[in-house]
Amino acid sequence: DVDFQRIKLTASRAQTPLSIAQCLMLGQTLNTKSLLKNLTFLNRELPVRFSKRIVELSNLPSELRRTEPIINLIKNYTTSFNELQAYSDNSRLWFLSPNTQIREDLELDDNNEAFHTAAQKEYADLLQKVTNRHKQDVIYMAHGISLFKRYQNTRSQPSDEIQHFLNSFNRGRLGIRIMVGHHLALQNQLFYPSGELSSSSYLSTPTSAQSKRVGIIEPQCDIEALIQNATHSAQFVFFQHYSTVFPPNVHIVHAKELGGKKVRFPVVPALLHHILFELLKNSMRATAEFHGLDKSSYPDIEILLSSNPAGDLDIRIKDHGGGMPPGHIVKPFDYLFTTASSTVCIDFPSIMTAVEKKPQTSAMGENLPLCGFGFGLATSKLYARLFGGDLTLNSIAGSGTEATIQLRRLEDQLEQSED
Ligand code: W6P
């Protein structure tokens with residue numbers, strides 16, 4: 001139909017990759033005009049990105065596409081696309097020239113500043129509404145895939161095609177979340193510079209010092225503090241799950257080249273926190289199960305921070321949890337890796353109980369149960385790779401597992417749109 005033609009046409013336009021360095025520059029001169037520049041960028045970019053997600057969903061095999069959760073996803077993405085497109089159409093009349101540049105004659109004097117501020121507030125409200133609408137995406141997706149698997153009557157992993165779709169869809173969705181979250185956080189900082197709203201703001205992570213944060217980016221994030229924070233979250237979940245067992249401790253070591261100084265690195269704390277939390281949870285669980293739940297203490301999980309001459313940062317997380325058998329080493333990054341009967345079970349509960357449980361909101365603003373989709377490691381790898389980094393696992397069966405998170409230096413943190 002006509003609507004879908006418009007979506008397909010919009011989806012054929014190229015998307016513009018995000019650069020962390022650019023996101024940071026935007027925040028350095030934060031004012032109504034720079035925010036308007038970002039609004040203009042999003043106003044053109046978001047319809048493109050939403051339409052691409054709709055096309056991806058529409059290309060799924062029909063047995064999956066026709067499941068109720070996927071139908072809901074398509075409906076929600078279409079609603080969001082239409083709303084964003086409508087704002088975009090209107091905004092041309094307000095402050096944009098026909099080619100969506102900020103009008104040359106636009107001067108933010110006292111007369112029209114209030115007007116533009118109102119238009120910006122309206123856009124922020126729209127972005128917030130869209131954000132809320134898509135909080136359940138991951139749950140819908142997991143539910144749809146599980147119905148599809150049941151329909152196929154197979155215990156096997158989803159096909160390569162589905163894995164590829166999930167990577168592409170989730171990567172695209174994450175890119176949207178980052179740019180929308182950054183804009184809302186910047187807008188928040190502009191209107192509430194003292195930060196009274198920042199603790200509840202979108203994509204905020206429970207880190208201590210919010211001092212120099214630019215939108216959702218921490219230009220000089222205290223990596224060790226973030227690790228401590230993720231450690232406490234993982235230990236909390238561990239303790240909740242096993243109730244009588246004390247979780248393993250985490251010991252952080254700095255490589256020589258870091259010179260004993262505090263490690264500060266530009267990151268999106270919410271993303272890195274999610275990755276660390278996921279890995280630590282797995283390591284703690286593996287350690288306790290390997291050594292026995294009756295033990296009063298466990299070998300530490302060791303974290304090594306190191307850097308290379310180019311300025312990239314490596315975070316290695318090594319556990320003594322017995323490792324994974326070689327046959328399993330490629331699977332952890334598959335979606336729905338968790339199998340309830342498996343002895344090498346990466347996450348805690350099974351997917352269906354996870355869907356039925358009341359979800360808890362994560363730092364990424366998603367209504368996720370604490371774990372259990374079997375999406376955790378796949379999602380973590382995606383997060384690590386989004387800005388050019390990576391996440392790899394090395395396991396020695398009978399001994400332990402080492403996870404390596406590689407983070408690229410600031411200049412190389414560019415959004416990756418392919419595997
Ligand atoms: C394990 C399995 C695993 C997955 C991810 C991270 C750490 C670990 N340790 O035994």
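Scope of the values below: all heavy atoms of this structure, side chains included, with no hydrogens, waters or symmetry mates. We count ligands from 1, going down the list as the structure has it; atoms in each ligand are counted the same way.
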Options N282, D319, I317, ranked by nearest heavy atom to atom 9 (N) of ligand 1, top entry: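 Heavy atom nearest to atom 9 (N) of ligand 1 belongs to D319.
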Sequence neighbours left out, cut at 3.5 Å: what donor-acceptor pairs do the side chains of residues 71-78 make with other protein atoms?
unit_1, atom_1, unit_2, atom_2, d
N72, OD1, K75, NZ, 3.4
Y77, OH, D137, OD2, 2.6
T78, OG1, I74, O, 2.6

All pairs passing ring-ring contact (aromatic ring centres under 6.0 Å, His included) where residues 287-323 contributes a residue, at least two apart: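 ring-ring contact (aromatic ring centres under 6.0 Å, His included) check on residues 287-323 returns no pairs.
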Contact atoms of ligand 1, heavy-atom distance to M324 under 4.0 Å: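 It comes down to these atoms of ligand 1: 2 (C).
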A286: numbered ligand 1 atoms lying under 4.0 Å from its heavy atoms: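 Listed by number with element, the hits are 1 (C), 9 (N), 10 (O).
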Close approach, S283 and ligand 1, non-hydrogen under 4.0 angstrom: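 Within the 4.0 Å threshold, so yes.
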Under 3.5 Å: donor-acceptor pair, side chain of T40, backbone of L36: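 The answer is yes, because a donor-acceptor pair under 3.5 Å joins these two groups.
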K121 to F191 six-membered ring, cation-pi geometry met (6.0 Å, 45°):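 Yes - K121 lies over the ring of F191, closer than 6.0 Å to its centre and within 45° of its axis.
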